[in-house]
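Values below: every heavy atom of this structure, side chains too, minus hydrogens, waters and symmetry copies. Sequence lines set the chain letters: A, B, ... in the order given, protein chains first and strands last, and positions in each chain run from 1. Only a predicted model underlies this, so the values are computations on that prediction, with no experimental measurement involved.
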2 protein chains.
Amino acid sequence: MRPQEFTTPAASVPVVVAAGREIEIAQDLNLPGFIMGFAPNEEIFGEEEPTDFVYKVISGAVRTTRFLSDGRRQIDGFHLSGDVFGLERGEAHRFSAEAIGECEVALVRRKAVERAAESDVAVARRLWSLAADNLEQLQDHMLLLSRKNAAERVGAFLLELSARANCRMVDLPMSRGDIADYLGLTLETVSRTFSQFAREGLIELPTPRRVVIRNVAALTVN
Amino acid sequence: MRPQEFTTPAASVPVVVAAGREIEIAQDLNLPGFIMGFAPNEEIFGEEEPTDFVYKVISGAVRTTRFLSDGRRQIDGFHLSGDVFGLERGEAHRFSAEAIGECEVALVRRKAVERAAESDVAVARRLWSLAADNLEQLQDHMLLLSRKNAAERVGAFLLELSARANCRMVDLPMSRGDIADYLGLTLETVSRTFSQFAREGLIELPTPRRVVIRNVAALTVN
DNA sequence: CGAGCGTTTGAACAGCGTCAAAACAAGTGG
DNA sequence: CCACTTGTTTTGACGCTGTTCAAACGCTCG
């Protein structure tokens, strides 16, 4: 979705919900931006598109994805409320981003972020930290992908979400297929592992999209 | 290996080969450092050790690794001559680094690098670029680990080395086991895939550690 | 020449993927 | 309110890819 293609609220989504607002991109870094609404599975930006904006999830959830030429998909990350995404060094996005469910996203001009970083060392450092957090998370995820089995992957995923929500009960915004593409599995394997965990009493599944973690230790692997 | 434990050239490795030299950490960023020699499989730094230094490969090859508690190993990356590694944000290393074969590594104080970045925006930007390169490489590797099969992984690995060496003939400094832990496979699968490629004429294997790439397209997957 | 390590190869096995169908949930229109 | 549609999730049966275990091979270096 390119900004030139904005539609008015009266037309179909996406729509600009609010313009000219101050968006907090990092701690103590507020920049002018605007908020847009996206429908489920709607593209926020596509691979190869210019990196004109930096994004922040206001509500809902977003996934960033990459594809192999034959359609195999990888989900690089899930971005929940408050997360910043789409900040890349190059001129073109290496990922696409899509709304998982109905969601609101704030857009800030990338140039504005870069100018702020150039004039203020503290800001540059905070942006660096943002990237470094990202890097460390990616490294953990790489270890998961290269050396953990299906149960360990799903366990780590549930604990990751639980830690983010700071709660043993988690509502999953994403489908089994999304989880599978995040964990390098198939959706059937993810579903089977959920069922297995429930049978073993490690989790409860009140509904398919709600998980209550009962046994943290049994889901943990280091 | 902590610097306090340096031994003299007369004793066993590692040894300080040269002290007080200027090391080029990034383009136009030369900082005082010293060069140490390491024996095959010798640890350069360990997980959890303080991040007091930034490292640069002068000769030979280095691997950075992480472990799961039960011993499963992942190789995060191979670092060849000219590569900078060990630059992390936190106070403790999240990886260990070992010499693959006999090699020389330059050490520069991390504080010196940070001071340079703080006083010079251009330096900070170049360090940022270093990290961003790292990030992009990691993302590609994640796609490999999550969605590519054994042949595609080994193919990508060979092309990666070939691109770095800028040559269709590549000498592998690392063992089959190292390659396996980098690609998320077993050493047997790596060996079998090499043999398979050779049988199909995609590569030649004059010796186990030397590969000549014959058919780039057949090894490529996007 | 023999020891030790890395590599190759084989055979059996298992974990996860594939294909298929059924169960389930949510929304739509009669 | 209920039949119908559509999409997601679950479950089953089966097969393949890659692992495991084991043995043989080939270097290199004492």
Q. So where does chain A start and stop touching DNA chain D, 5' to 3', when the test is distance under 4.0 Å to a non-hydrogen atom?
A. D:dT8 to D:dA13
Q) Hey, are the side chains of B:Leu144 and B:Phe157 touching, using non-hydrogen atoms and a 4.5 Å cut-off? A) no
Q) With a non-hydrogen cut-off below 4.0 angstrom, is B:Ser195 in contact with a base, only sugar-phosphate, or nothing? A) sugar-phosphate
Q. Where do B:Leu145 and B:Tyr182 come nearest, in terms of heavy atoms and distance?
A. CD2-O, 4.0 Å
Q. Has A:Thr189 got a side-chain N or O lying under 4.0 Å from the OP1 or OP2 atom of C:dG17?
A. yes
**Q.** Nearest-Å distance for atom pair CG/C1', residues B:Leu205 and C:dG6
**A.** 14 Å
Q) Given atom CZ of A:Arg147 and atom C1' of C:dG15, what is their separation to the nearest angstrom? A) 15 Å
**Q.** Contact check, side chains of A:Glu160 and A:Phe78, non-hydrogen atoms, under 4.5 Å
**A.** no
**Q.** Which residue lies more 5' along DNA chain D, comparing A:Phe194 with B:Ala150 via nearest heavy atoms
**A.** A:Phe194
Q: Starting from the first five and the last five pairs of the helix from C:dC1-D:dG30 to C:dG30-D:dC1, work out the angle between the resulting helix axes, to 10 degrees.
A: 30°
Q. Are more than 12 heavy atoms from other residues, nucleotides or ligands located less than 6.0 Å from atom CZ of A:Arg73?
A. yes
(Q) Using a strict threshold of under 4.0 Å (side-chain N to carboxylate O), is an ion pair present between A:Arg168 and A:Glu204? (A) no
Q | Minimum heavy-atom distance between A:Ala180 and A:Thr186, given as atom pair plus value | A | CB-C, 3.3 Å
(Q) Check B:Glu88 with B:Arg94, please: is the shortest side-chain N to carboxylate O separation under 4.0 Å? (A) no
Q) Reckon B:Leu187 touches a base, only the sugar-phosphate, or nothing at all at heavy-atom distances under 4.0 Å? A) base
Q) With a 4.0 Å cut-off on heavy atoms, is A:Arg209 in touch with a base, just the backbone sugar-phosphate, or nothing at all? A) sugar-phosphate
(Q) Ignoring hydrogens and geometry beyond distance, is the side chain of A:Glu188 in donor-acceptor contact with the base of C:dC16 at under 3.5 Å? (A) no
Q) In whole Å, what is the span from the CZ atom of B:Arg192 to the C1' atom of C:dG10? A) 7 Å
Q.
Using a strict heavy-atom distance below 4.0 Å, which residues from residues 172-184 of chain B are in contact with DNA chain C?
A. B:Ser175, B:Arg176
Q | Exercise: identify the closest heavy-atom pair between B:Ala39 and B:Ala99 | A | O-CB, 3.4 Å
Q) When the aromatic ring centroids of A:Tyr55 and A:Phe45 are compared, is their separation below 6.0 Å? A) yes
Q.
Taking B:Glu91 first and then B:Arg110, would you say they form a salt bridge - that is, a charged N and a carboxylate O separated by under 4.0 Å?
A. yes
**Q.** B:Glu43 versus B:Ser96, side-chain donor and acceptor atoms under 3.5 Å
**A.** no
Q. In whole angstrom, what separates B:Ile203's CD1 from C:dT7's C1'?
A. 14 Å
